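Since the structure is predicted, the reported quantities are computational estimates derived from the model, not experimental observations.
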Amino acid sequence: MLKKSFFATAVVAVASALLFCAAQTTSPAPAKRRAQVRLLTREVSLGRIHPGELKETRTLSPDRRRIAFVAKVAGGEAVFVDGVAGKTYPSVENDPLSEAGPGSPITFSPDGRRVAYVAYVGPAGTGARGPRLVVVDGKEGAPFDYVWSGSPHFSADGRRFAYTAERGGKWHAVVDGVESKAFDRVSQPIFSKDGARASFSAERAGRRLIVADGVESDADDPAGPTQLQGATSGSAPREVEQGGKRFVVWEGGKGGPYEEVRDVGRSAAGDRVIFSAKRDGREFAVLDGKEGKPYDDVGSIHISPDGQRVMYVAQLDKKSFVVLDGAEGAKYDSIEVSYPSSFSPDGKRYAYKAARETSPDSREYFVVADGKEGKSYDHVDGIAFDADGRLLYLAYNFSDRKTFLVREGEEVASYDNTPGYGDFKFSPDGKRMFFRLNKLGEGKEALVLDGRAFAYDEIKNAEFGPGGRRFIFKARRAQGWVMV
């Protein structure tokens, strides 16, 4: 009887449609022997299907070179990695990740070389939460009363490993197999980008703590370490209070004291610490600990993609203006800076929406690009730069009852709709774009893709494919739905 197998197959094929077509036609020229095109395949076995494999436990490694699953075996359950069974346990745990249900009981490292899971080692059939232990690369960790199956995780380079666990009503963080002290609560340990450091937040007897590389400090101690942020360089800046004053601290830096702090974070690239603060009733922007000029109000801080330019909206004496690289721009009745498209991709250009009162009950809107005002409209929305650094936005006039697509100050197209959703959406390669338009009166919704408008009663789920060559959306025409 043949045994079933499943394979990951890599296929490398070289073919020419022109050669194929030519081979199907006759030619007066003498026939020449053509080299045949061969389809080369290589099969790599990832193990044999086990009759006891549990449903929805099959897991591929991130590099798609390894496979693992949980299967019923004599005496309990076992994890099979690349077809090789691990130790048998009463059960391999698969707790719900959310209300949507369980995920995978098996965790691979990002490089696919390491694998971990949580096993139940108590009496079979009791359904108890524990005892449980974590198995990493086939090696068992210490038993605990409870370990959530979604807790085990690796550092970005796959060399380090961590999870949280409960014993005797207290919680521990376990990093590379080493248990922390007991706490009332702990967060999931996180690793720095290079994997060299690990930290977590914790609580003991009402005291909030930061534990960095095994060293405990008060979470509100401005001089203490900060919790790491694995997705960006350095640490995540945090707000702390001491003596009734607010401080912001991060790895290698500190700001304060302040009366209030707002929007503490890092730039998109993760290399700059930004926030706004208040002192003596005035607000100011703070960039890498350096305070800007104080104003009546300061808005969100925007950093150019190259990290070199800084822009935010400030208000003084009821007038708004942009502060760009420390220099104040023209004053208007209101200003709105789009996120994240206030700068061009190369950071050399910038644009924002401004308004000026024309009467007590009306305003005119326009775009200020590189310090120059554009044409005024009744409404402006969706300011963005494309991949080539060209400025785009949508504008609407009540008198025309039309929406205009404006490119570099020129109205290149008009539509019988009102602007909808405001933002331009670009393909992953930046070469294509679409935007949405709302109904005007009893009309239809519209989606404009590469300059072509598609009108339907309702449009949903519009998106580009991963490479940007394909585009798809769902639309309703009367009572019927179509996929476009």
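When all heavy atoms are compared, the tightest approach of A314 to V323 is CB-CG2, 4.0 Å. Shortest non-hydrogen contact noted between A196 and D213 is O-OD1, 4.5 Å. Summarising the geometry of E364 relative to S376, their closest heavy-atom pair is OE1-OG, 3.3 Å, with the distance given to 0.1 Å. Residues T164 and S187 approach most closely at CG2-O, 3.5 Å, considering heavy atoms.
Between F404 and Y377, the angle of the ring planes lies from 30° to 60°, which puts this pair in the tilted group. Ring-plane geometry between Y352 and Y350 is classed as parallel, the angle between the planes falling under 30 degrees on a 0 to 90 degree scale with a further cut at 60. Taking the six-membered ring where tryptophan is involved, the planes of F154 and F161 are tilted, since the angle between them lies from 30° to 60°.
Side-chain N/O atoms of N397 and S399 include no donor and acceptor closer than 3.5 Å. Counting only N and O atoms by type, the side chains of R363 and S334 include a donor and acceptor under 3.5 Å apart.
Checking side-chain atoms of D388 against main-chain N and O of R390 turns up no donor-acceptor pair under 3.5 Å. Remark: the backbone N or O of P419 is not paired with any side-chain donor or acceptor of D381 at under 3.5 angstrom. Using a distance-only test at 3.5 Å, with no hydrogens or angles considered, no donor-acceptor pair links the side chain of R309 to the main chain of L324. In this structure, D378 contributes its side chain and F398 its backbone to a donor-acceptor pair below 3.5 Å. One N or O on the side chain of R349 and one on the backbone of G389 form a donor-acceptor pair closer than 3.5 Å. Of the possible donor and acceptor atoms, one in the side chain of S61 sits under 3.5 Å from a partner among the backbone N and O of R66.
Rounded to the nearest 0.5 angstrom, F200 CZ and H172 NE2 are separated by 10.5 Å. The CZ atom of R207 sits 9.5 Å away from atom CZ of F183, with the distance rounded to the nearest 0.5 Å. How far CG of D297 is from OG of S320: 8.0 Å, rounded to the nearest 0.5 Å. Annotation: the span from S342 atom OG to I301 atom CD1 amounts to 12.0 Å, rounded to 0.5 Å. Atom CD of Q315 is separated from atom CD1 of I335 by 9.5 Å, given to the nearest 0.5 angstrom. Once rounded to the nearest 0.5 Å, the distance linking CG of D450 with CE of M433 reads 7.5 Å.
Between E260 and R246, none of the side-chain N atoms (NZ, or NE/NH1/NH2) sits under 4.0 Å from a carboxylate O, so this pair counts as no salt bridge. Using a cutoff of 4.0 Å between basic side-chain nitrogens and carboxylate oxygens, R356 and E373 are scored as salt-bridged. Ionic pairing of K170 and D184 is present here: one or more N-O contacts between side-chain nitrogen and carboxylate oxygen are shorter than 4.0 angstrom.
A cation-pi contact links K331 to F321, judged by a cut-off of 6.0 Å to the six-membered ring centre and 45° from its axis. Cation-pi geometry between K353 and Y365 is met: under 6.0 angstrom from the ring centre, within 45 degrees of the axis.
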